[in-house]
Protein chains: 2
Amino acid sequence: MNRGPSKQSSDHLSERLSTSGFRFTSQRRHVYHVLLAKRDHPTAEEVFLRAKRAFPDISMATVYNCLDALVRSGVARQVTVDRGAARFCPNMSEHCHFHCDTCDNVFDIELPDDGRGLVDLPKGFKAARFEVAVHGVCADCSARRKRAH
Amino acid sequence: MNRGPSKQSSDHLSERLSTSGFRFTSQRRHVYHVLLAKRDHPTAEEVFLRAKRAFPDISMATVYNCLDALVRSGVARQVTVDRGAARFCPNMSEHCHFHCDTCDNVFDIELPDDGRGLVDLPKGFKAARFEVAVHGVCADCSARRKRAH
DNA sequence: CTAGGTGCAAAAGGTTTGCGGTTAA
DNA sequence: TTAACCGCAAACCTTTTGCACCTAG
C-alpha cells in the first residue's frame with residue numbers, strides 16, 4: 001500500500017541529488033516520496049502537512065529546501081498556477097497543466113511538440129522553456145454542473 | 001508627448017468601468033493612463049511609482065484597487081510571470097508573453113488560433129482561458145551575448 | 001572532519017483588509 | 001444623499017534568511 005519510498009526511487013533520487021551536488025537526506029527522500037504517493041500537485045504547505053505524518057519535527061523551511069533540491073536535481077518541477085502558492089509535481093515529462101476553476105484541482109495535460117511550434121517568436125528571440133496553463137472546468141465538475149442543471 | 005489621458009481613452013474607460021459597476025475616479029483614469037503610456041508590463045509597485053508623479057498622495061492600496069477595477073472591467077489584464085509580482089498590461093487582444101531570463105523584460109507575443117487548438121484536452125474538460133508563457137532570451141540580449149562572445 | 005542540511009524564529013516581499021474621511025453618481 | 005472609493009496602517013500569506021546544532025560523505 002505504498003508505505004514508503006521504494007528502493008528504486010530512492011536510488012534514482014540519491015543519484016540525481018549527488019550529481020547536482022546535493023546530499024541525500026531522509027527528509028529529501030521522504031518529501032520525494034510524498035510527491036510520488038499522491039500526484040495531485042500539492043503546495044509546499046500541503047507537502048509539509050503530509051510529510052509531518054512520518055517526520056513530525058520537519059519544518060516548512062526544510063520542506064522548501066527539499067523541494068528546491070528536488071527541482072534543481074531534475075526529479076520534480078515547480079508549477080505556477082496563477083498567483084497562489086507554488087505547486088509541485090514529480091512528472092518530468094514535457095506536459096502542461098489544466099486548472100479547474102471550480103474544484104481548484106490541477107491536472108497534467110500532454111503537450112504535443114514539447115511546446116515548440118506553439119508560438120511564432122519574433123526574429124532573434126530564443127525560447128528555453130514553455131509554460132502552458134489552461135483554465136476552465138474539469139470533466140467531473142462539468143458533469144456535476146450538467147446534472148445540477 | 002502624451003502628457004495625460006486622451007479624451008478618447010477616458011471615455012472608453014469611463015464606459016467600461018460603469019458597465020462593470022465601478023466608479024470613474026481620477027485615480028483610475030490615471031492608473032489606466034500609466035499602463036497605456038509605457039507598455040512594458042509594470043508591476044503594481046512600478047505603476048505606483050509612476051502614478052505618484054501626478055498623484056503624490058496615491059497609495060499602494062489604491063493602485064491595487066484601481067488595477068483590480070481595470071482588470072475586472074476588461075480594459076487591462078494581469079500577467080503572471082513565474083512567482084514574482086503580478087504585472088499588468090492594457091493589451092486586450094489574445095496574446096501571450098515572452099519573459100527574457102537575462103533582462104527580465106516581458107514582451108507581447110501573438111498567439112495563433114487565440115490559443116484554442118494548442119492542446120488536446122481530455123474528454124469533458126472545458127477550457128475557458130489559455131495562458132502561455134515563453135521563457136528565454138530576447139533579441140537584444142541574444143545580440144548582446146553574441147557580440148560579447 | 002567539515003561543508004551542507006536541519007529546525008526554529010524572525011524577516012521579507014507581495015497583496016489584502018479594516019477604518020474614518022471623501023466623492024462620484 | 002449615500003454607496004463606493006480614497007489613503008493609511010496593520011494584517012496576511014507565502015517564501016526566504018540567519019543562526020546554532022547535527023550529519024552525510
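By convention in this document, chain letters (A, B, ...) are assigned in the order of the sequence lines, proteins followed by strands, and residues within each chain are numbered from 1.
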(request) For B:S9 and B:P5, indicate whether the former's side chain and the latter's backbone hold a donor-acceptor pair under 3.5 Å. (result) no

(request) Could you check which of D:dC6, C:dT15, D:dT15 has an atom nearest any side-chain atom of B:A86? (result) C:dT15

(message) What verdict does the side chain to side chain contact (heavy atoms under 4.5 Å, CB included) test give for A:E110 and B:D120, after you've listed the backbone C-alpha separation in whole Å, the side-chain angles of each residue and the deciding distance to 0.1 Å?
(response) CA-CA 7 Å; A:E110 272 181 57; B:D120 287 327; over 6 Å; no

(request) Write down the distance between CZ (A:F24) and P (C:dG4), rounded to a whole number of angstrom. (result) 19 Å

(request) Could you say whether A:R28 or B:R83 is positioned toward the 5' end of DNA chain C, judged by the nucleotide with the nearest heavy atom to each? (result) A:R28

(message) If you compare every side-chain N and O of B:T25 against the phosphate oxygens of D:dC6 (OP1, OP2), does one of them come in below 4.0 Å?
(response) yes

(request) Can you tell me the distance, in whole Å, between the CZ atom of A:F48 and the P atom of D:dT15? (result) 14 Å

(message) Quick check for you: among D:dG25, D:dC6, C:dG7, whose closest atom lies nearest to any side-chain atom of A:Q27?
(response) C:dG7

(request) Have a look at A:A69 and say if it touches a base, only the backbone sugar-phosphate, or nothing, with a 4.0 Å heavy-atom cut-off. (result) nothing

(request) Give, ordered by number, those residues of residues 52-63 of chain A having at least one heavy-atom distance below 4.0 Å to an atom of DNA chain C; if nothing qualifies, reply none. (result) A:D57, A:I58, A:S59, A:A61, A:T62

(message) Does A:E45 reach a base, just sugar-phosphate, or nothing at all? Heavy atoms under 4.0 Å.
(response) nothing

Would you tabulate the nitrogen or oxygen pairs shorter than 3.5 Å linking the protein to nucleotides 20-22 of chain D?
none

(message) In this structure, how many angstroms lie between the P atom of D:dA4 and the CG atom of B:D68, rounded?
(response) 15 Å

(request) Please state how far atom NE2 in B:H30 lies from atom P in C:dT23, giving the value in whole angstrom units. (result) 18 Å

(request) Start with the C-alpha distance between B:Q27 and B:C66, add both sets of side-chain angles, then the distance that settles side chain to side chain contact (heavy atoms under 4.5 Å, CB included), and finish with yes or no. (result) CA-CA 7 Å; B:Q27 288 89 342; B:C66 291; 3.9 Å; yes

(request) Answer yes when A:D104 and A:R87 have at least one side-chain N-carboxylate O distance shorter than 4.0 Å, and no when they do not. (result) yes

(message) Quiz question: by atom type and distance under 3.5 Å, do the side chains of A:R28 and A:S73 form a donor-acceptor pair?
(response) no

(request) Check the distance between D:dC8's P and B:N65's CG and give it to me in whole angstrom. (result) 14 Å

(message) Heavy atoms from C-beta onward define the side chain here; which of D:dC5, D:dT15, D:dA24 lies closest to that of B:R23?
(response) D:dC5

(message) With rounding to the nearest 0.5 angstrom, report the CG to CZ distance, A:D40 to A:F107.
(response) 10.0 Å

(message) From CG of B:L70 over to P of D:dC5, roughly how many Å is that when rounded to an integer?
(response) 12 Å

(request) Could you please name the option among C:dT15, C:dT23, D:dC6 that lies closest to any side-chain atom of B:A44? (result) C:dT15

(request) Determine whether A:R29 and A:S26 make a side-chain contact, defined as any pair of heavy atoms from C-beta on separated by less than 4.5 Å. (result) yes

(message) Could you check whether any side-chain heavy atom of A:V81 comes within less than 4.5 Å of a side-chain heavy atom of A:H135, counting everything from C-beta outward?
(response) yes

(message) Rounding to an integer number of Å, can you tell me how far A:L67 CG sits from D:dT14 P?
(response) 14 Å

(request) Report the distance from atom CD of A:E15 to atom P of D:dG25, rounded to the nearest whole Å. (result) 13 Å

(request) Answer yes or no: is there a side-chain heavy-atom contact under 4.5 Å between A:L13 and A:L70? (result) yes

(message) Can you identify which nucleotide, out of C:dG5, D:dT15, D:dG25, has its nearest atom closest to the A:Y64 side chain?
(response) D:dT15

(request) Test A:H41 against every option in A:H95, A:H99, A:H97 by the ring-ring contact (aromatic ring centres under 6.0 Å, His included) rule and name the one that passes. (result) A:H97

(message) So, does A:T43 get its side chain near the phosphate of D:dT14, meaning an N or O under 4.0 Å from OP1 or OP2?
(response) no

